[in-house]
Amino acid sequence: GLDLGATLPVGTLSRVDDLDVTARYGRLNDQRQNETGFSCLTTLYFPAAGGEWLLPIVRSVVYAQAEPVDYLYTLLSELGKGTSHELAAGDVPAPLDYIEEMPEIVRPEDGANRAIEIRFSREIETALSDAGLNLGIYMAMLTDTLMGFVPGVEGLQVYIGGERLERLDGQQTPDGREILLEQGLAAREDFDGYAGAPGILYVGAGEAGGLMRMRRVLPQARQSEPRELLLSLMELSAQGYTALPAGLSQEDILAVCVEEEALTVNLSSAFGDALMALTAPQARVAVYAMVNTLTEGRDQQSVVFFFDGEQLDTLAGGLNLRGGLLRNPGMVVN
């Protein structure tokens, strides 16, 4: 945000190569001085299905006044509208439906900085339980959304049934991590690692022998890391999808190298043995599930496989693993 009297946020910027910073600053400053409403792209965070991750959703939001408290009410209202994103949780309690008093921007007695104060009734706990969500992911949703836009505040102070929220125990967070809120203020760094992002994975498409394109929420900070993508394929296999052989773990991913034209992956000898034990259709699906997943959205369009430092000659069906394997979009079925 721009610190123009601690009142004017920039919002979410589009990715461009020729941003005219002076012109953008001038437009924002004119909006503030005219004291009129404005619209801008805003990132809202919603729990993903399952309640393990936060999913960032960017939408254009209209703000009636260029005032921090108006931003607060508008953002809480937008969160209450939910999202139709296919990967998001379907029934998230609307914050304004469970408040005891209108939210404010206050100066806490034990702090020198301003904070957002929200007072919920005890009914929010029942609503979260009914929605299959925990308090930790809900607090992360509020904190990441509000603290990412409302300027001039240092944290989010939440009361539930009149009691100030001081900590979240392991049963109240999606990853089992206890979170202590310093001076009762929640900040974005308290929820580091909760942000996810949509990712593309490929799994077997059944008897057709092809691949199926799947969207899943991956850790935002590691969404393009080859190791994370391979681990996600292992998780899908454990859930019953056709992807990699059973019984593999992160220890079977020995090393990954992203080079200029290809990705090189060194897997364990046990991984190689598991591939060798598959039938020809199964081996083809497993290999190209990895190749297509790893090359999705990359400049590198081929993968070179090593197993404990050595390459395999062929798998069942004559699939040659010498050299690099190119991405195979022809295997993807609707």
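In this chain, numbering begins with 1 at the start of the sequence shown.
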Seminar exercise, completed: Between Leu278 and Pro245, the two heavy atoms sitting closest are CD1-CG, 3.9 Å
Exercise. With Pro103, which of Leu72, Val158, Leu156 fulfils side chain to side chain contact (heavy atoms under 4.5 Å, CB included)?
Worked result: Leu72
Problem set entry | Interatomic spacing from CD in Gln300 to CG in Leu326 - rounded to 0.5 Å | 13.0 Å
For this session: May I ask whether Val69 and Leu96 are part of the same hydrophobic cluster, defined by side-chain heavy atoms of I, L, V, M, F, W, Y residues being less than 4.5 angstrom apart, directly or through others?
Result: yes
Exercise. Given the rule that I, L, V, M, F, W and Y join up when any side-chain heavy atoms are under 4.5 Å apart, are Leu76 and Ile99 in one cluster?
Worked result: yes
Problem set entry | Thr43 side chain vs Pro56 backbone, donor-acceptor pair below 3.5 Å | no
Problem set entry | same_hphob_cluster(Phe306, Leu312) at 4.5 Å side-chain heavy-atom cutoff | no
Exercise. How close do Asp313 and Asn320 get, heavy atom to heavy atom, and via which atoms?
Worked result: O-OD1, 3.0 Å
Exercise. Short question: side chain of Asp252, backbone of Ser268 - any donor-acceptor pair under 3.5 Å?
Worked result: no
For this session: Applying side chain to side chain contact (heavy atoms under 4.5 Å, CB included) between Met141 and each of Leu133, Leu146, Leu79, report the one that passes.
Result: Leu79
Exercise. Going through the checks in order, is the side-chain contact (heavy atoms from CB on, under 4.5 Å) test met by Val291 and Asn328?
Worked result: CA-CA 8 Å; Val291 172; Asn328 191 345; over 6 Å; no
Problem set entry | Main-chain N/O of Ile160 paired to Glu163 side chain as donor or acceptor, under 3.5 Å | no
For this session: With ring pair (Phe, Tyr, Trp, His ring centres under 6.0 Å) as the test, would you mind laying out the steps for Tyr202 and Tyr288 before giving the verdict?
Result: CA-CA 8 Å; Tyr202 291 87; Tyr288 280 103; over 10 Å; no
Exercise. Should Leu41 and Leu13 count as side-chain neighbours, where that means a heavy-atom distance under 4.5 Å?
Worked result: no
Problem set entry | Nearest heavy-atom neighbours spanning Asp70 and Ala64 | OD2-N, 3.2 Å
Exercise. Any side-chain heavy-atom pair from Leu135 and Leu165 closer than 4.5 angstrom?
Worked result: yes
Problem set entry | CZ on Arg298 to OG1 on Thr293, rounded to 0.5 Å | 11.5 Å
For this session: Taking atom CD of Gln171 as the centre, report whether more than 12 heavy atoms of other residues, nucleotides or ligands fall under 6.0 Å from it.
Result: no
For this session: Test ring pair (Phe, Tyr, Trp, His ring centres under 6.0 Å) on Phe305 and Phe271 and set out the steps.
Result: CA-CA 11 Å; Phe305 289 102; Phe271 201 126; 8.0 Å; no
Problem set entry | Distance, nearest 0.5 Å, that separates CG of Asn292 from CE of Met331 | 7.5 Å
Problem set entry | Backbone of Ala187 reached by a side-chain donor or acceptor of Asp190 within 3.5 Å | yes
Exercise. Given side chains that start at C-beta, do those of Ser232 and Arg216 come closer than 4.5 Å, heavy atoms only?
Worked result: no
Problem set entry | Criterion side-chain contact (heavy atoms from CB on, under 4.5 Å) on Leu248 and Ile253, from CA distance to verdict | CA-CA 9 Å; Leu248 300 175; Ile253 308 171; over 6 Å; no
Exercise. In Å and rounded to the nearest 0.5 Å, what is the CD1 to CE distance from Ile118 to Met139?
Worked result: 8.0 Å
Problem set entry | Glu100 side chain near Glu123 side chain, heavy-atom distance below 4.5 Å | no
For this session: Might you work through the side-chain contact (heavy atoms from CB on, under 4.5 Å) test for Leu230 and Val265, ending with a clear yes or no?
Result: CA-CA 10 Å; Leu230 291 173; Val265 180; 4.0 Å; yes
For this session: Verify whether one side chain among Glu259 and Thr264 offers a donor that lies under 3.5 Å from an acceptor in the other.
Result: yes
Problem set entry | Non-hydrogen side-chain atoms of Val61 and Phe149 separated by less than 4.5 Å | no
Problem set entry | Donor-acceptor contact below 3.5 Å, side chain Thr22 vs main chain Asp20 | no
Exercise. Is a salt bridge present between Arg119 and Glu104, judged by a nitrogen-to-oxygen distance below 4.0 Å?
Worked result: no
Exercise. Just wondering, do Leu275 and Leu267 contact through their side chains at under 4.5 Å, heavy atoms?
Worked result: no
Exercise. Going through the checks in order, is the side-chain contact (heavy atoms from CB on, under 4.5 Å) test met by Val150 and Ile105?
Worked result: CA-CA 10 Å; Val150 180; Ile105 295 178; 4.2 Å; yes
For this session: Could you grab the distance from atom CD of Gln301 to atom CG of Leu263, nearest 0.5 Å is fine?
Result: 9.5 Å
For this session: Kindly say whether Ser60 contributes a backbone atom to a donor-acceptor pair with the side chain of Ser39 at under 3.5 angstrom?
Result: no
Exercise. Short question: side chain of Arg284, backbone of Leu319 - any donor-acceptor pair under 3.5 Å?
Worked result: no
Problem set entry | Atom OH of Tyr159: over 12 foreign heavy atoms under 6.0 Å | yes
Exercise. Which pair of non-hydrogen atoms, one from Phe191 and one from Gly136, has the smallest distance, and what is that distance?
Worked result: CE2-O, 3.8 Å
Exercise. Nearest heavy-atom pair of Ala94 and Gly80: which atoms, and what distance?
Worked result: CB-CA, 3.6 Å
Problem set entry | Donor-acceptor contact below 3.5 Å, side chain Gln157 vs main chain Arg164 | no
For this session: Group every Ile, Leu, Val, Met, Phe, Trp and Tyr by side-chain heavy-atom contacts under 4.5 Å, then state whether Leu87 and Leu54 land in the same group.
Result: yes
Exercise. Would Met234 end up clustered with Trp53 when hydrophobic side chains under 4.5 Å apart are linked, directly or stepwise?
Worked result: no
Exercise. Between Leu315 and Met276, is any pair of side-chain heavy atoms under 4.5 Å apart?
Worked result: yes
Exercise. Side chain of Arg114, backbone of Val153: donor and acceptor closer than 3.5 Å?
Worked result: no
For this session: Give a yes or no on whether Glu182 atom CD has more than 12 heavy-atom contacts from other residues, nucleotides or ligands under 6.0 Å away.
Result: no
Seminar exercise, completed: One should read off an interatomic distance between Ile57 CD1 and Thr42 OG1, to the nearest 0.5 angstrom, of 13.0 Å
Exercise. So which heavy atom on Leu236 is nearest to which on Met214, and how close?
Worked result: CD1-SD, 4.3 Å
Exercise. Is the shortest heavy-atom distance from the side chain of Glu189 to the side chain of Met147 under 4.5 Å?
Worked result: no
Exercise. Ignoring hydrogens and geometry, is there a side-chain-to-backbone donor-acceptor pair from Thr145 to Tyr45 under 3.5 Å?
Worked result: yes
